[in-house]
Every structure is written in C-alpha cells, then in structure tokens.
Amino acid sequence: MKTINLHHPFEQATVYTGDIVLALGFFDGVHRGHQAVIKAARDEADRLQLPLAVMTFNMAPRIMYQQIRPEEVTYLTTLKEKERLMTHLGVDYLYVAQLTSAFSALKPQEFVDQYMVGLHAKSVVAGFDYTYGKKDLANMHTLKEHAAGRFNIIEVNKLSEDTNKVGSTEIRQDLNTGKIDKANQQLGYIYSNDGIVVHGEKRGRELGYPTANLMIATESLIPAEGVYIVEMLLNDQVFPGVASIGNNITFGEGRKRTVEIHLLDFKGEIYGEYVTVYWHQYLRPELKFDGIDGLIDQMDQDAIQARKYLEKLQNLTNDKIK
C-alpha cells in the first residue's frame with residue numbers, strides 16, 4: 001500500500017492518475033463497521049478491476065469543525081496503526097488529507113468535484129452516516145445530486161451488535177471502562193498500543209516481577225486503569241504478559257500514571273525498543289496492598305490467570321488451523 005498526503009489544493013502529479021474505487025471516512029479504529037465499508041469497496045474494485053483507494057484525514061474532523069484543541073482528542077488508531085490495518089484489508093492507496101482552513105471551507109459540491117471526481121473515482125463507497133463539506137452540510141442522501149452521474153455510489157448500512165451500533169464512540173466508552181472484551185468484539189481484532197520502553201522506578205525487579213515501562217503517544221487512547229492479560233510484540237516476536245495501568249498506589253499517593261508490562265517468558269534489557277502491546281482481557285482493578293507480600297501474592301495469581309488464558313487462546317487458534 002502507498003500512503004499519499006494531500007494538501008489543499010493538491011496537484012494531480014501527486015496522486016494516482018488512473019481510475020480508482022474510493023472509500024471515504026475518518027476510520028478511527030478501523031473497526032468492523034469500517035471494515036464493512038472497505039470490504040464493499042474492495043469487492044467493487046475487484047469487480048471493476050481497479051485499484052482501491054481510501055481517503056482519511058490527518059486529524060479528527062471535530063478538531064477543525066468544532067474547534068476542539070488537538071490535545072483534548074485521543075485516537076483508537078494512530079496513522080501508523082491505521083496504515084497497518086488498511087494494508088491488511090487490501091487497500092492500494094491511502095490518501096491522508098490535511099485538514100486546513102482552506103480545505104474545511106470547501107462547499108459540498110466543491111468537495112465532490114475536487115476530492116471524488118478529482119481523484120478519478122469511478123465508484124465512491126461510504127457508510128450510511130458519512131457527511132462531507134463545510135459543517136456537515138451534505139450526506140449520503142445529497143451525494144447523488146452532487147455526483148451528477150459521474151461515478152457510482154455505494155452506501156454501506158449500519159452494523160449493529162445486540163441492536164447497538166458498532167462505532168468508534170461506543171468502542172472508546174468500552175475501553176474507558178475496562179470492557180476490553182466488548183471493545184475487541186466490535187473492533188474485530190485485539191486492541192493495541194504502540195510504545196517505546198523507557199526507564200521506570202524498577203520496583204518490579206525488586207519484587208521478582210521486572211516490568212517494561214511504556215511511553216505511549218499522548219494522542220493514543222489507553223484503556224482504563226487496571227490489570228490486563230496482554231501480549232507484546234517485540235522485534236517480530238510475541239510474548240505473553242500481564243500489564244498494569246495505574247498509579248502504583250501501594251507505594252504512595254499522587255503518583256504519575258504508568259503503563260507497565262511484565263513478560264512471562266522473557267529475560268533481558270529492552271530499553272529503547274519500540275513495541276506493540278495487545279490488550280486481551282481485563283483481570284482486575286488496581287488495588288492498594290498493606291504490604292509487599294500481599295502485592296506479590298496477587299501478582300503470582302495474575303500471572304497464573306494470564307498464562308492459562310493465553311494457553312487456551314493458543315490451543316483454540318491451533319484447532320482452527322487444523
């Protein structure tokens with residue numbers, strides 16, 4: 001997949017000059033609802049024997065249209081993570097449009113002319129709730145008029161679970177309340193965060209549970225505080241582990257929140273390494289213990305539960321492969 005950044009007004013020389021099928025949306029999380037849109041677009045591209053392009057934005061549209069400060073917004077997927085998922089879904093070109101004052105001032109017809117027709121779309125695919133143009137003035141109902149027969153329009157219906165919409169807002173709520181199982185179900189994959197291993201207080205090492213202290217980008221949504229069963233991708237290898245998100249309240253009040261991962265089958269120094277942590281299951285809330293012994297006993301139990309869960313998961317995976 002090739003990623004192409006678009007700055008308004010873009011030059012034709014910077015984009016793919018042939019005909020394409022174009023999927024539209026911000027796609028934060030690239031969840032199952034988004035995947036349905038991209039699959040429909042992929043099927044259409046295969047039918048027409050054309051490349052599949054997806055257009056997204058460099059930041060959340062509400063930052064521009066609702067004038068929200070960027071530091072107040074967190075994302076389910078960074079651009080890097082979005083690229084990884086789009087590649088897996090068979091996207092050929094990912095257009096990342098930069099949200100600027102000039103871009104956001106486009107009228108709906110101008111947006112269609114310049115960013116649908118202008119990108120050589122023969123078919124445009126989007127979800128039922130897609131909007132475009134300044135201040136959401138236009139939607140899938142108005143697109144036929146603005147398209148004026150210049151391209152096909154495919155609208156993808158709402159995807160629901162137990163009558164609830166599968167959406168980025170719902171997934172954020174689940175992650176913020178520790179409902180990792182539900183979030184993963186809606187995502188269609190295991191939620192993850194990328195980070196770099198940095199130095200911490202090294203208390204885990206003193207307790208017999210050395211941990212990797214992760215620095216995760218501030219724009220990434222980190223799940224609710226608590227203890228989780230996780231896996232960590234490190235140098236193309238996956239290791240089982242237990243993660244703690246919290247303030248280490250056993251060691252005092254008013255401490256900075258940290259994300260610490262204890263790997264069950266790993267020994268070694270990994271400071272400075274870029275890793276990905278996959279959040280499998282919520283185990284328990286962060287607890288305050290009266291002494292170190294109680295904390296160690298609980299960590300022993302956490303490790304046992306994590307190992308059993310991940311071994312069972314591996315066995316189920318092996319059964320599917322057979």
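Heavy atoms only: backbone and side chains are in, while hydrogens, waters and symmetry mates are out.
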Count I, L, V, M, F, W, Y as connected when their side-chain heavy atoms are under 4.5 Å apart, and connections chain through other members. Are L187 and L233 then in the same cluster? no
In one Ile/Leu/Val/Met/Phe/Trp/Tyr side-chain cluster, 4.5 Å: F266, M232: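 Hydrophobic grouping puts F266 with M232.
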More than 12 heavy atoms of other residues, nucleotides or ligands under 6.0 Å from [atom1] of [X]: yes or no?
X	atom1	result
Q109	CD	yes
Q12	CD	yes
Q67	CD	no

So which heavy atom on A306 is nearest to which on L264, and how close? CB-CD1, 4.2 Å
Is the shortest side-chain heavy-atom distance between [X] and [Y] below 4.5 Å?
X	Y	result
K122	L50	yes
Y115	H8	yes
Q281	L313	no
L6	F103	no
V96	I4	no
V275	V197	yes
L175	W279	no
Q35	Y189	yes

Without hydrogens or angle criteria, can the side chains of [X] and [Y] be said to hold a donor-acceptor pair below 3.5 Å?
X	Y	result
T276	D194	yes
T258	E260	yes
E44	S123	yes

Would a distance-only check, ignoring hydrogens and angles, find a side-chain to backbone donor-acceptor pair under 3.5 Å from T56 to F26? yes
Ionic contact status for [Y] with [X], cut-off 4.0 Å:
X	Y	value
D92	R42	yes
D302	R307	no
E311	K308	no
K158	D129	no

Establish, yes or no, whether a centroid distance under 6.0 Å links the rings of Y16 and H120. no
Ring center gap for H146 and Y132 short of 6.0 angstrom: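 Distance test on ring centres: under 6.0 Å, yes.
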Per side chain to side chain donor-acceptor pair (under 3.5 Å), D174 is matched among K179, Q185, Q186 by Q186
